[in-house]
Amino acid sequence: MSETCDYSIDSSIDYSITCDGAAFAYEAQTVVKNLSFSVRKGDYLFIVGENGSGKSTLIKGLLGLLRPVCGVITRVGIAANEIGFLPQQQAAQKDFPASVFEVALSGRLGARGINPFYSRKDKEAAAANLAELGVANLSSRCFRELSGGQQQRVLLARALCASAKMIVLDEPASGLDPLVTADMYRILGKLNRERQMAAIVVSHDIQSAVAFASRILHLTNEQSFFATADEYRQSALGAQFLSSQRSNNG
Ligand SMILES: Nc1ncnc2c1ncn2[C@@H]1O[C@H](COP(=O)(O)OP(=O)(O)OP(=O)(O)O)[C@@H](O)[C@H]1O
Ligand SMILES: [Mg+2]
C-alpha cells in the first residue's frame, strides 16, 4: 500500500541535518553547548542524557523552533517542516476528543499549507500508516479510550503522516511497559530499514539505545558524545551509564 502513496520517498535522494559547534540557550542560561553531530537518511539515532541535559531543547533546534546562539545547524535536502514529531507527553495530550483516524490524519496538517481540506492522498496516508502500525482496526475508536500502548502507536502513525524522511520522538516510551516499549522500538527499526527513514528517539533507556540505535548522542552539561552504538558501549561514558542503569533496574 505504501508504495502507491506520495509520502514514500525517492531512495536516490540523500538528506541530512548537521549541528556544528551548536549551543542553545534560554535568555542567559546556556543549556547545550559545543554540540557537533549529524543525522542522515537511514540513521536510527538515540539521544540520551540526564533530566535537564537539554534533549528536548536540542529537538526544538532540529525542528527549527529555537535558533542556536552559537554554531550552525545545516539542513540538506530536508526542511524543518518535513520532520514528523511526537512530543514529550503531557497527560492532557492523551485526552483528545477525536477519533483514531482523525488523530493520525492531523499529522498531515503541516504539509497542507493554507489548504483547509484534507486530500484523498492525506486520507490514504493516514490509513496506510495506521495499518503499518497494526491499529487500522481501531480507526473509528475514540483516541482517549485507547490503552497507552495503543495511543503511542497512533501517535507514531501521526508522526509518520507528517514525514517520510525523518521522525523525532521525544521520550515515546514513558508510561509504557517494557514489552510494549521494545515493540515500538522494533517497529521503528523496521520502518527505518524498509523506508530508509531517519528516526531520532529521545530516551532515558540506555539498554534500548545500545540494542536498537545505529548511533547514540549522549548529552551532558560539559562535552557531549556522539558515536556508533558499538563505540558508545565501549566508551568510558557508555560503560558507566550502562552499568548504573543495570544496577538501578536490578
Ligand atoms: N522554555 C524554557 N525557558 C527557560 N528554560 C527552559 C525552557 N525549557 C527548558 N528550559 C531549561 O533548559 C534545561 C534543559 O531542559 P530540557 O527540557 O531541554 O531537558 P531534557 O534533557 O529534555 O530533560 P528531561 O529528560 O527532563 O525531559 C532545563 O534546565 C530547563 O529548566
Ligand atoms: Mg525532555
Side-chain angles (χ1 to χ4, degrees), residues 17-39 43-73 75 80 83-95 148 151-152 155-156 158-159 162 166-178 180-182 184-185 188 198-213 215-227 229 232 235 237-238 240-249:
I17 302 182
T18 303
C19 270
D20 193 1
F24 295 96
Y26 296 103
E27 295 174 2
Q29 186 203 0
T30 298
V31 176
V32 178
K33 61 186 179 198
N34 196 21
L35 182 61
S36 296
F37 75 99
S38 65
V39 55
D43 280 347
Y44 191 176
L45 172 72
F46 266 59
I47 302 176
V48 300
E50 291 173 359
N51 292 123
S53 56
K55 303 179 297 297
S56 297
T57 300
L58 168 60
I59 297 304
K60 286 183 209 164
L62 296 179
L63 294 170
L65 303 173
L66 189 67
R67 292 167 74 92
V69 290
C70 282
V72 285
I73 298 183
R75 294 185 191 80
I83 304 172
F85 179 45
L86 197 166
Q88 192 164 2
Q89 288 303 307
Q90 318 288 333
Q93 292 172 306
K94 299 277 190 184
D95 210 24
Q151 286 187 333
Q152 236 19 15
L155 293 175
L156 188 48
R158 180 182 190 275
M166 184 177 289
I167 59 169
V168 176
L169 315 178
D170 194 348
E171 298 201 29
S174 57
L176 302 185
D177 72 46
V180 174
T181 301
M184 187 180 55
Y185 291 148
L188 266 179
I200 302 177
V201 177
V202 173
S203 175
H204 289 280
D205 179 357
I206 297 193
Q207 307 289 347
S208 292
V210 293
F212 293 99
R215 290 176 186 276
I216 295 176
L217 174 65
H218 189 138
L219 295 190
T220 74
N221 293 327
E222 295 309 315
Q223 186 59 50
S224 296
F225 186 69
F226 176 57
Y232 180 75
S235 69
L237 183 67
Q240 181 197 336
F241 271 74
L242 276 162
S243 71
S244 70
Q245 204 161 74
R246 261 188 228 110
S247 52
N248 286 343
N249 293 341

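All ligand and atom numbering here is 1-based and tracks the order in the structure. One is the number of the first residue; the rest follow in order along the sequence.
The Val31 neighbourhood of ligand 1 comprises atoms 12 (O), 13 (C), 14 (C), with distances under 4.0 Å to a heavy atom of that residue. For ligand 1 and Glu50, the ligand atoms under 4.0 Å from any heavy atom of the residue are 21 (O). Below 4.0 Å from some heavy atom of His204 lie the following atoms of ligand 1, by number and element: 25 (O).
Counting heavy atoms from C-beta on, the side chains of Val48 and Ile216 come closer than 4.5 Å. The closest side-chain heavy-atom distance from Ser224 to His218 is not below 4.5 Å. Two residues are said to be in side-chain contact when any heavy atoms from C-beta on lie closer than 4.5 Å; Leu58 and Leu35 meet this criterion. Residues Ile17 and Met166 form a side-chain contact, since some pair of their non-hydrogen atoms from C-beta on lies under 4.5 Å apart. Under the 4.5 Å side-chain criterion, counting only non-hydrogen atoms from C-beta, Leu86 is not in contact with Val168. Within the 4.5 Å cutoff, the side chain of Val31 has heavy atoms near those of the Tyr26 side chain.
Contact annotation for atom 31 (O) of ligand 1: protein absent (non-hydrogen atoms, distance under 4.0 Å). For atom 2 (C) of ligand 1, a protein non-hydrogen atom is found at a distance below 4.0 Å.
At a 4.0 Å heavy-atom cut-off, ligand 1 does not touch Glu27 at all.
Here atom 29 (O) of ligand 1 lies nearest to Gln29 when heavy atoms of Glu171, Lys55, Lys60, Gln29 are compared. Taking only non-hydrogen atoms, the option from Ser203, Ser56, Gly49 nearest to atom 17 (O) of ligand 1 is Ser56.
With a cut-off of 2.8 Å, the Mg ion (ligand 2) has no N, O or S atom of Asn51 in range. Not one N/O/S atom of Thr57, from backbone or side chain, sits under 2.8 Å from the Mg ion (ligand 2).
For atom 10 (N) of ligand 1, the closest heavy atom belonging to the protein is Tyr26 CE1, 3.3 Å. In terms of protein heavy atoms, atom 15 (O) of ligand 1 is closest to Thr57 OG1, 3.8 Å. From the protein, the heavy atom lying nearest to atom 23 (O) of ligand 1 is Gly52 N, 2.9 Å. Distance from atom 27 (O) of ligand 1 to its nearest protein heavy atom, with residue and atom name: Gln88 NE2, 3.0 Å. Nearest protein heavy-atom contact of atom 24 (P) of ligand 1 is Asn51 ND2, 3.6 Å.
Formation of a donor-acceptor pair under 3.5 Å by the Arg75 side chain with backbone atoms of Leu62 is found in this model. Proximity of a side-chain donor or acceptor of Ser53 to a complementary backbone N or O of Asn221 within less than 3.5 Å is not detected.
Note that NZ of Lys60 and CG of Leu63 are 10.5 Å apart. Values are rounded to the nearest 0.5 Å.
Ring centroid separation for the pair Phe46 and Tyr185 comes in under the 6.0 Å cut-off.
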